[in-house]
Amino acid sequence: MPAPCSCMSFNPETRRLSVGLDNGTISEFILAEDYNKMTPTRTYSAHQSRVTMVLFILEMEWMLSTGQDKLFTWHCSETGERLGNYRTTACASCLQFDVETRHVFVGDHSGQVTILKLEQDNCSLITTFKGHTAGVTSLCWDPVQRLLFSGSSDHSIIIWDIGGRKGMALELQGHRDKIQSIAYAHHSRQLISCSADGGIVVWNMDVERQETPEWLDSDSCQKCDQPFFWNFKQMWDSKKIGLRQHHCRKCGKAVCGKCSSKSSTIPLMGFEFEVRVCDSCYDSITDEQ
């Protein structure tokens, strides 16, 4: 190869192998029926720097790709002609495509997921998802349940319920380091994730999970009413020392350390490790949960 290889995609129906390179190009090969020969067919000048993901869409005859040059591009695989591109806010790291709606999902290093509607020679921005606090490293798409899974360097996976149209996002916390890659087993409805912590986790997507609550804002503990350290007025009036603010992962309330001294796993909310919960939520969590 003319440059180091960075990613690849294989289509078994056409035996088409697409390889992204560090120099921004995509090399395409057709594999022989016995897989003992590779015939070069085309080179796409897709990006100005490393190609981070490449995806061949047989139904559209499109070659989709993302790159470190902050571009998502798509080419006609029959002619090699570039059909269009879209500039992301940060280096584009991964992508997924829904054939039925022609929606493409692009993850980037800012932690954002961009949804675009693709046409033959143009695209339109549908919306952006912002849920991760670090870069998106991997995306998976379930076209049946219409769920988008995003793994991130913030150690978490978010399940975006696209089909439900209610804006629901579920969080999975099962790793202690950045998510390197995720894959989805459609037949068994299992999500598989691997991380820089050396662990592989298999998630059961058949269980009904609960959405993690939004963290509430408050100037004082929502359990004992003790002021937080920035609430000078209440501190002066009550002659009390301000406390540090924490949040209960189960109810989302702003609480002090004394009112949230316990921790627990909450698997239905995706917390496989023990997290901080307030005392009343801790008492409400059953062994079964």
- Report the C-alpha separation of D161 and R146 in whole Å, then their side-chain angles, then the decisive distance to 0.1 Å, and conclude whether the salt bridge (charged side-chain N to carboxylate O under 4.0 Å, His left out) test is met. CA-CA 7 Å; D161 186 2; R146 307 199 67 72; over 6 Å; no
- Verify side chain to side chain contact (heavy atoms under 4.5 Å, CB included) between S77 and R16, making sure each step is shown before the conclusion. CA-CA 11 Å; S77 61; R16 188 189 306 239; 3.7 Å; yes
- Could you walk me through whether K250 and Y282 pass the side chain to side chain contact (heavy atoms under 4.5 Å, CB included) test, one step at a time? CA-CA 9 Å; K250 192 171 190 295; Y282 181 84; over 6 Å; no
- side-chain hydrogen bond (donor to acceptor under 3.5 Å, both in side chains) assessment of S195 paired with H155: CA-CA 8 Å; S195 163; H155 311 179; over 6 Å; no
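Using a 4.5 Å cut-off on side-chain heavy atoms (C-beta onward), T114 and F129 make no contact. Looking only at side-chain heavy atoms (C-beta outward), V104 and I115 stay at 4.5 Å or farther from each other. S65 places a side-chain heavy atom less than 4.5 Å from the side chain of H47. Side-chain contact check for F97 versus R102: some heavy-atom pair is nearer than 4.5 Å. Contact check for L21 versus P2: side-chain heavy atoms found under the 4.5 Å cut-off. Using a 4.5 Å heavy-atom cutoff, the side chains of C259 and C278 are not in contact. Proximity of S156 to I179: side-chain heavy atoms (C-beta onward) are nowhere separated by under 4.5 Å.
Between W141 and F105, the ring centre distance stays below 6.0 Å. Taking the ring centroids of Y184 and F149, they lie under the 6.0 Å cut-off.
The side-chain contact (heavy atoms from CB on, under 4.5 Å) test with L118 is passed by exactly one of T101, L83, L64: L64.
R189 contributes a side-chain N or O that, together with a main-chain N or O of M205, makes up a donor-acceptor pair within less than 3.5 Å. In terms of modelled atom types and a separation under 3.5 Å, the side chain of R50 and the main chain of N23 share no donor-acceptor contact. Under the 3.5 Å distance criterion, the side-chain polar atoms of D154 are matched with a main-chain donor or acceptor of T133. Judged purely by atom type and a 3.5 angstrom limit, S138 has no side-chain atom pairing as donor or acceptor with the backbone of G151. The main-chain N or O of T43 is never found under 3.5 Å from a side-chain atom of T25 such that the two would form a donor-acceptor pair. Looking only at distances, a side-chain donor or acceptor of S152 sits under 3.5 Å from a matching main-chain atom of A134. Between the side chain of S220 and the backbone N or O of Q226, no donor-acceptor pair lies under 3.5 Å. T265 places no side-chain N or O within donor-acceptor distance of the main-chain N or O of F271, the cut-off being under 3.5 Å. T88 places a side-chain N or O within 3.5 Å of a backbone atom of K70 that can act as its donor or acceptor partner. A donor-acceptor contact shorter than 3.5 Å is absent between the side chain of H75 and the backbone of A46.
By the rule that hydrophobic residues join a cluster once side-chain heavy atoms approach within less than 4.5 Å of another member, V201 and I159 end up as members of one cluster.
Side-chain contact annotation: Q190 with S188, donor-acceptor N/O pair under 3.5 Å present. In summary, the side chains of T52 and T66 do present a donor paired with an acceptor at a separation below 3.5 Å, with no hydrogens or angles considered. S49 and Q68 share no side-chain donor-acceptor pair at under 3.5 Å. In the model, K223 has a side-chain atom that pairs as donor or acceptor with a side-chain atom of S280 under 3.5 Å. Between the side chains of T41 and E28, at least one donor-acceptor pair of N or O atoms lies under 3.5 Å. Donor-acceptor pairing under 3.5 Å is lacking for the side chains of S260 and D279. Side-chain atoms of D98 and H103 form no donor-acceptor pair, as typed in the model, at a separation below 3.5 Å.
Residue I200 places its CD1 atom among 12 or fewer non-hydrogen atoms of other residues, nucleotides or ligands, all under 6.0 Å distant. Counting non-hydrogen atoms of neighbouring residues, nucleotides and ligands closer than 6.0 angstrom, the CD atom of Q48 reaches no more than 12 such neighbours. For NZ of K258, the number of neighbouring non-hydrogen atoms (other residues, nucleotides, ligands) closer than 6.0 Å is 12 at most.
Between atom SG of residue C140 and atom CD1 of residue I182 there is a gap of 4.5 Å, rounded to the nearest 0.5 Å.
The shortest heavy-atom contact between D197 and D177 is N-CB, 3.5 Å.
Relative orientation of the H175 and W203 rings is perpendicular, given thresholds of 30° and 60° on the angle between their planes.
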